Structures are given as structure tokens and as C-alpha cells.
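Take a look at the structure below.
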Amino acid sequence: MRITTVVSTTLASIAYDDARHVLQLEFRSRTIYQYLGVPATVHEALLCAPFKGIYFNQAIRGRFRFTRLFEPRAEVPSAEVQSGHQGSGEVPCHAR
């Protein structure tokens, strides 16, 4: 699963497993969810959406089963941990 960091006020990163049709989203809150049975076209549209939070609410939230993988504790992590996200960088959108 390749992780892509994104510019968004809602999401921190997006990952997709093409073989299993699993979309993994890390929110700015650091909570991570996996959405099951998501078509590749939805993943691509999310990456290309100018407002990823709006697209998430319209096309993903409430439409796919999900599993919460991680929810941060109430403690505030150090600045080093907050800025230490490992991602592959922003991926350009390809028009079809």
C-alpha cells in the first residue's frame, strides 16, 4: 500500500491497496481508517479533488464499511512526532 501525503485541512495522507480495494485515510487528527470495497476510481477522484474533505463527505463517508486502525490518545505528542510523517509526497492527478 503506497501512502501519499496530501494538501488538505481534513486529511494528512491517502493510501490505496488496488488488489484488495482498501482505501486508507489518515486524518489531520492522526486517526487512521480503512474503507473496504472502494473502487480505484474513487481513490483517484479523491486524490484529484480540490477539496478532499468535501469529496470524502460526499463520496466515501457513510457509503463504505470501515475499520478504525488508530486513534491517538488525548495526550499531545511532541513537535518532533507531529512533523515526522513519512509519505511519498503529493502525486499529480491524471485526467482521464
Side-chain angles (χ1 to χ4, degrees):
M1 190 177 290
R2 181 179 173 180
I3 298 172
T4 303
T5 57
V6 293
V7 176
S8 170
T9 58
T10 304
L11 299 173
S13 68
I14 298 170
Y16 187 71
D17 183 328
D18 198 39
R20 299 183 318 149
H21 301 277
V22 173
L23 178 68
Q24 181 173 295
L25 302 177
E26 178 185 1
F27 289 81
R28 288 282 168 202
S29 67
R30 314 265 313 155
T31 303
I32 299 172
Y33 289 89
Q34 283 189 343
Y35 293 85
L36 311 174
V38 178
T41 54
V42 172
H43 167 247
E44 292 168 12
L46 177 60
L47 286 175
C48 293
F51 300 101
K52 290 165 180 44
I54 292 173
Y55 183 83
F56 166 76
N57 284 322
Q58 293 176 344
I60 299 168
R61 185 179 204 168
R63 297 180 186 265
F64 299 96
R65 292 181 314 148
F66 66 89
T67 302
R68 184 173 55 203
L69 297 183
F70 174 76
E71 185 167 0
R73 295 181 294 194
E75 303 167 6
V76 177
S78 70
E80 182 178 335
V81 173
Q82 289 177 347
S83 64
H85 179 75
Q86 297 293 318
S88 59
E90 185 73 21
V91 172
C93 294
H94 302 287
R96 288 187 164 208

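None of these values were measured; they are calculated from a predicted model. Scope of the values below: all heavy atoms of this structure, side chains included, with no hydrogens, waters or symmetry mates. One is the number of the first residue; the rest follow in order along the sequence.
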- Task: Give the intermediate values and the outcome of side-chain contact (heavy atoms from CB on, under 4.5 Å) for residues Arg28 and Thr9.
- Result: CA-CA 7 Å; Arg28 288 282 168 202; Thr9 58; 6.0 Å; no
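- Residue Ser29 comes nearest to Pro72 through the heavy atom pair O-CG, 3.0 Å, listed as atom of the first residue, atom of the second, then distance.
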- Query: Yes or no on side-chain contact (heavy atoms from CB on, under 4.5 Å) for Lys52 and Val6, after CA distance, side-chain angles and deciding distance?
  - Reply: CA-CA 9 Å; Lys52 290 165 180 44; Val6 293; 3.8 Å; yes
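- With contacts defined as side-chain heavy-atom distances shorter than 4.5 Å, the pair Thr31/Glu71 qualifies.
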- Evaluate the criterion side-chain contact (heavy atoms from CB on, under 4.5 Å) for residue pair Ile32 and Arg68; output intermediate values, then yes/no. CA-CA 6 Å; Ile32 299 172; Arg68 184 173 55 203; over 6 Å; no
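- The distance from atom OH of Tyr35 to atom CZ of Arg63, rounded to the nearest 0.5 Å, is 13.0 Å.
- Atom OG1 of Thr10 sits about 13.0 Å away from atom CD of Glu26, to the nearest 0.5 Å.
- For the atom pair SG (Cys48) and NE2 (His43), the distance works out to 9.5 Å, reported to the nearest 0.5 Å.
- Two rings, from Phe56 and Phe27, have their centers less than 6.0 Å apart.
- Between the CG atom in Leu25 and the CG atom in Leu46 there is a gap of 6.0 Å [rounded to 0.5 Å].
- Taking the side chain as every heavy atom from C-beta outward, Val42 and Ile60 approach each other to under 4.5 Å.
- The minimum heavy-atom distance linking Gly53 with Ser8 is given by the pair N-OG, 4.3 Å.
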- Query: Checking side-chain contact (heavy atoms from CB on, under 4.5 Å) for the pair Gln34/Met1: CA distance, chi angles, key distance, verdict?
  - Reply: CA-CA 12 Å; Gln34 283 189 343; Met1 190 177 290; 4.0 Å; yes
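- Atoms CZ and CG, on Phe66 and Leu36 in that order, are 10.0 Å from each other to the nearest 0.5 Å.
- Scanning all heavy atoms of the two residues, the minimum distance from Ala49 to Tyr55 falls at CB-CB, 3.7 Å.
- At distances below 3.5 Å, at least one donor-acceptor pair connects side-chain atoms of Tyr16 with backbone N or O atoms of Ala40.
- The line from CG of Leu47 to CG of Leu23 is 8.5 Å long, rounded to the nearest 0.5 Å.
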